[in-house]
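Here the structure is a predicted model, which is why all the values come from computation and not from measurement. Lettering follows sequence order; numbering is per chain, from 1.
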Protein chains: 2
Amino acid sequence: MFNTSQRELLRVISESGPLSRTDLAAAIGLSKAAMSGIARELIDRGVLHETETVYGQGRPSVLLDLKPECAFFIGISLLEDPAPMILSDLNGNIIARQQLPHSRDPKVIANAIAYGLPEILKGHPQASSKLAGIGVALSGFVDEKQATCVQSTLLGWQDVPLAEFIRQASGVDTFIENDAKAVAVSEKLFGIARDVPNFSIVSLGDGIGCAHVIDGRLYRGNHGGAGEIAHATIEPGGAPCRCGKRGCLDTIASMTAIKEMARAAGLKCTSLSELEEEASLGTAEAIAIIHKAGAAIGLAISHLIQMNDPGMILVTHVEGSFEGLFGTVVQQAVEANVLPRYAGQTPIRTRRVDSDVWARGAASIAAHNFLIGPNIS
Amino acid sequence: MFNTSQRELLRVISESGPLSRTDLAAAIGLSKAAMSGIARELIDRGVLHETETVYGQGRPSVLLDLKPECAFFIGISLLEDPAPMILSDLNGNIIARQQLPHSRDPKVIANAIAYGLPEILKGHPQASSKLAGIGVALSGFVDEKQATCVQSTLLGWQDVPLAEFIRQASGVDTFIENDAKAVAVSEKLFGIARDVPNFSIVSLGDGIGCAHVIDGRLYRGNHGGAGEIAHATIEPGGAPCRCGKRGCLDTIASMTAIKEMARAAGLKCTSLSELEEEASLGTAEAIAIIHKAGAAIGLAISHLIQMNDPGMILVTHVEGSFEGLFGTVVQQAVEANVLPRYAGQTPIRTRRVDSDVWARGAASIAAHNFLIGPNIS
DNA sequence: GACAATAAGTTCACAAAATGAACCAATCAA
DNA sequence: TTGATTGGTTCATTTTGTGAACTTATTGTC
């Protein structure tokens, strides 16, 4: 599909945005002459197009950008039920939406996807001919080939070769990935982290997820377990966790844990926002819970910073209100536990996730394979 | 010096040991034809040589290995005073030793190195003509070009362009690196981690160091601060640390801290070995101190495993006795705080360091630049 | 002991990818 | 208007790699 230099070019543009031929040549380390040919071919093939003309001294430069409609991807999130399925272009724009019928049987899911494919592509002839891949996001462990779900508690799966099932049913190249890792890739390709080579994402939801992008690539770890901070021990000897240990971050700071603590304290809050509201009224228990959870997350993030020195931390949160007390506590806990030399040196950005995030993340896994090649060395 | 394919070949051999031309071709992704030419050139240049002949079915294969004497490196450790300076070959073998006169003035050090160079090379004519670089290990932060010491408390330095000073004084290419990071590279090139693409090293000494190798390359972090676990908060609200925070790992588990705790408990132990001995006699305070320190290290390592899922953890320790109670406690603490699914999945190897380790680590930084190119993307 | 079977490694004509140098193109500044 | 400046193209040449046929050195088998 693409050779090494072409891939490199796509990667650079996808990171840095539109660039002139000369800048691209410099960024990739090729001569202007070579660049000229590569650009021409990719323009002819409809992958690149000329956008802005930038005037300065000398001949103006013509910026080249990826054509968003040069490839399309299907993204499916198995985190919700029914599972949303989206059609996305190369910019992460969602072109069409659909829902898969409820099921946890891998083969049924694969067939449902194959069945839904013509449906979601209907009315998008371009996308039909340029469909480049399917991505699936799920909660659980995935092997390094992004093909098999090694284990998923939520789905009750063990060593399920889902990618192969879908590939066979649909005839389209398919990759699966853990939810947090998919969102990390999505932010790298489509989002706020495009030009950040090293960053980590921390996702707060019913559970806590985390993933690292290192040197511009998703770092999966030796067993695909990089980023499993949910079960890092934050409170030695603390509350028992469903994993069998005690004091895991998950037992203190996941939304499930927060709600449980609120219930145990006799508060009638069913969400973090409600708890925030209660805290703003001065309810001591609510404040204490928010402090405990926020401090735990902050401590975990501080460990992340000390350990890996990322260029950015991106916190995604389902239930909003990170601007309130909870967010403040997290920020303070990070600052308090990071080497003073580094305090404030690692930007922490937050993002409220909507239900599209997972499906778009899934699509980005397919886009990553299209643009940069498989995530293996 | 070397082109891309040649570099790749050197990297593969340095990772996997001697390989046949056919295996090399497959590993690098080149044709046998291309491999044939590359091997011939590198053999002619004295970089590779044929070693063993392996008999199987068909024509036997001839293994190619790096010639250790194809390049030599100088390694200097500024962690000790006087600073040891070694001459090493491409296998990390130490060919000659010397000591630099005491100084903390960068220019004086640079001149001392230049002055000592002919001395240490004397009697090694091969090394003189094939000296490929100088590496310096120091305690502190180093910039991503491995040229400037951004800050070193131990040396009292701030933004010292040491590499440039040495380069000018000696005329030899020079790179500097943090001590733990240098040892990590050394273990990757010369040591136990040769064939492990992802691993972390934890060095226990007067202070606590840590470094990560990811995808076969040293991962330095966004500000060169990856691996600074010494100041991760392990005991919130614990003892004040010289860094300004409280409860840092450094205040609980560094040799300095352990000795201080022993002193405070009224024990006359001046080393971990002595403390181990005391503990084996049943002295409760000694046992408590070892437990506290070991549990802290174990907890930190468990965070490392959960966060990054390395293929191996290598613990280097200055004061031996990791086989005793301390080592056991560390191992237990790791197992207890790691997701049960992963328990025992991450091998923890230990290595007692002698005083050569830092200097050899320093030399390995130069060797890395020779073999694999600069540690920047 | 001859001879297939097998696999390693080489040779060579050719193709692909990149380069350097010269050149054309489009602007600004004087 | 003209020169300086920078972006981009062309083309002959060099570098790098390939595929297929071939040579080489062994084991296994009849």
Side-chain angles (χ1 to χ4, degrees), chain A residues 1-13 15-67 371-373 377, chain B residues 1-13 15-67 371-373 377:
Chain A
M1 189 85 187
F2 297 120
N3 68 23
T4 317
S5 296
Q6 291 167 336
R7 278 241 144 78
E8 195 61 10
L9 184 152
L10 298 181
R11 197 188 56 74
V12 169
I13 294 193
E15 273 190 8
S16 315
L19 287 173
S20 70
R21 289 168 174 82
T22 307
D23 289 348
L24 281 168
I28 300 177
L30 287 179
S31 63
K32 289 194 297 172
M35 199 51 239
S36 187
I38 295 174
R40 174 149 7 97
E41 193 198 325
L42 289 180
I43 290 174
D44 287 350
R45 282 171 57 180
V47 178
L48 292 183
H49 63 164
E50 302 191 333
T51 55
E52 213 180 333
T53 305
V54 176
Y55 297 89
Q57 208 169 32
R59 176 173 170 176
S61 58
V62 181
L63 303 191
L64 300 177
D65 200 0
L66 292 172
K67 257 181 134 161
L371 277 179
I372 302 171
S377 307
Chain B
M1 189 86 189
F2 297 120
N3 68 24
T4 318
S5 296
Q6 292 168 336
R7 276 243 145 77
E8 195 61 12
L9 183 152
L10 298 181
R11 197 188 56 73
V12 169
I13 294 194
E15 273 189 8
S16 314
L19 287 174
S20 71
R21 290 167 173 81
T22 307
D23 289 347
L24 281 168
I28 300 178
L30 287 178
S31 62
K32 288 195 297 173
M35 198 53 237
S36 187
I38 295 173
R40 174 150 5 99
E41 194 197 325
L42 290 180
I43 289 174
D44 286 350
R45 282 170 58 180
V47 178
L48 292 183
H49 64 165
E50 301 190 333
T51 55
E52 213 181 333
T53 305
V54 176
Y55 299 89
Q57 209 167 32
R59 177 173 171 175
S61 58
V62 181
L63 303 192
L64 300 177
D65 200 359
L66 292 172
K67 256 181 137 161
L371 277 179
I372 303 172
S377 309

Taking only N and O in the side chain of [X], is any of them less than 4.0 Å away from OP1 or OP2 of [N]?
| X | N | value |
| --- | --- | --- |
| B/Arg21 | C/dA7 | no |
| A/Asn3 | C/dA17 | yes |
| B/Ser5 | D/dG17 | yes |
| A/Ser20 | D/dG7 | no |
| A/Ser61 | D/dT6 | no |

For [X] versus [Y], what's the shortest heavy-atom pair and its separation?
| X | Y | answer |
| --- | --- | --- |
| A/Gly46 | A/Lys67 | O-CD, 3.3 Å |
| B/Thr51 | B/Asp65 | CG2-CB, 3.8 Å |
| A/Arg45 | A/Met1 | NH2-O, 3.0 Å |
| A/Leu371 | A/Arg7 | O-NE, 3.3 Å |

Report the distance from atom [atom1] of [X] to atom [atom2] of [N], rounded to the nearest whole Å.
| X | N | atom1 | atom2 | result |
| --- | --- | --- | --- | --- |
| B/Leu30 | C/dA15 | CG | P | 20 Å |
| A/Gln6 | C/dA16 | CD | P | 13 Å |
| A/Glu8 | C/dA17 | CD | P | 16 Å |
| B/Ile43 | C/dG9 | CD1 | P | 10 Å |
| A/Lys32 | D/dT6 | NZ | C1' | 8 Å |
| B/Phe2 | D/dT16 | CZ | C1' | 18 Å |
| B/Tyr55 | D/dT24 | OH | P | 17 Å |
| B/Glu50 | C/dA8 | CD | C1' | 12 Å |

Closest nucleotide among D/dT10, D/dT18, D/dG8 to the A/Val62 side chain =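 Among D/dT10, D/dT18, D/dG8, the one nearest the side chain of A/Val62 is D/dG8.
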ask   = Of the nucleotides C/dA18, D/dT18, C/dT19, which one has an atom closest to the side chain of B/Ala33?
value =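 When the side chain of B/Ala33 is considered, D/dT18 is the closest of C/dA18, D/dT18, C/dT19.
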task = Would you give the length of the straight line joining atom CZ of B/Phe2 to atom CD of B/Glu8, rounded to the nearest 0.5 angstrom?
result =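 Between atom CZ of B/Phe2 and atom CD of B/Glu8 there are 13.5 Å.
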request  = Look up atom CG in A/Leu63 and atom CD in A/Glu50, then write down how far apart they are to the nearest 0.5 Å.
outcome  =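 Here the interatomic distance stands at 9.5 Å.
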message = Taking any heavy-atom pair under 4.0 Å as a contact, classify B/Gly37: base, sugar-phosphate, or nothing.
response =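 No contact.
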request  = Under 4.0 Å between any heavy atoms, over every strand shown, what does B/Ser31 touch: base, sugar-phosphate, or nothing? Just pick one.
outcome  =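 The answer is base, as B/Ser31 lies within the cut-off (heavy atoms under 4.0 Å) of a base atom.
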inquiry  = Would the distance check show the side chain of A/Glu15 and the main-chain N or O of A/Val12 forming a donor-acceptor pair, the cut-off being under 3.5 Å?
reply    =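 Looks like no, no N/O pair under 3.5 Å.
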request  = Would you kindly compare A/Pro60 and B/Thr22 by the position of their nearest DNA chain C nucleotide and give the one closer to the 5′ end?
outcome  =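 Whichever sits nearer the 5' end wins; that is B/Thr22.
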message = Please determine whether any donor N or O and acceptor N or O are separated by less than 3.5 Å between the side chain of B/Arg59 and the base of C/dA8.
response =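 It does, because a donor-acceptor pair links the side chain of B/Arg59 to the base of C/dA8 below 3.5 Å.
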inquiry  = Given a 3.5 Å cut-off on both pairing distances, which stems involving DNA chain D, each at least three consecutive Watson-Crick or G-U pairs, are present, if any?
reply    =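 C:1-30 with D:1-30 - these are the stems of 3 or more pairs that involve DNA chain D.
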query = Of A/Gln57 and A/Met35, whose nearest nucleotide on DNA chain D comes first from the 5' end?
reply =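 Between the two, 5'-proximity favours A/Gln57.
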ask   = Would you call A/Ile43 and A/Leu64 a side-chain contact if the rule is heavy atoms closer than 4.5 Å?
value =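 They are in contact (side-chain heavy atoms under 4.5 Å apart), so the answer is yes.
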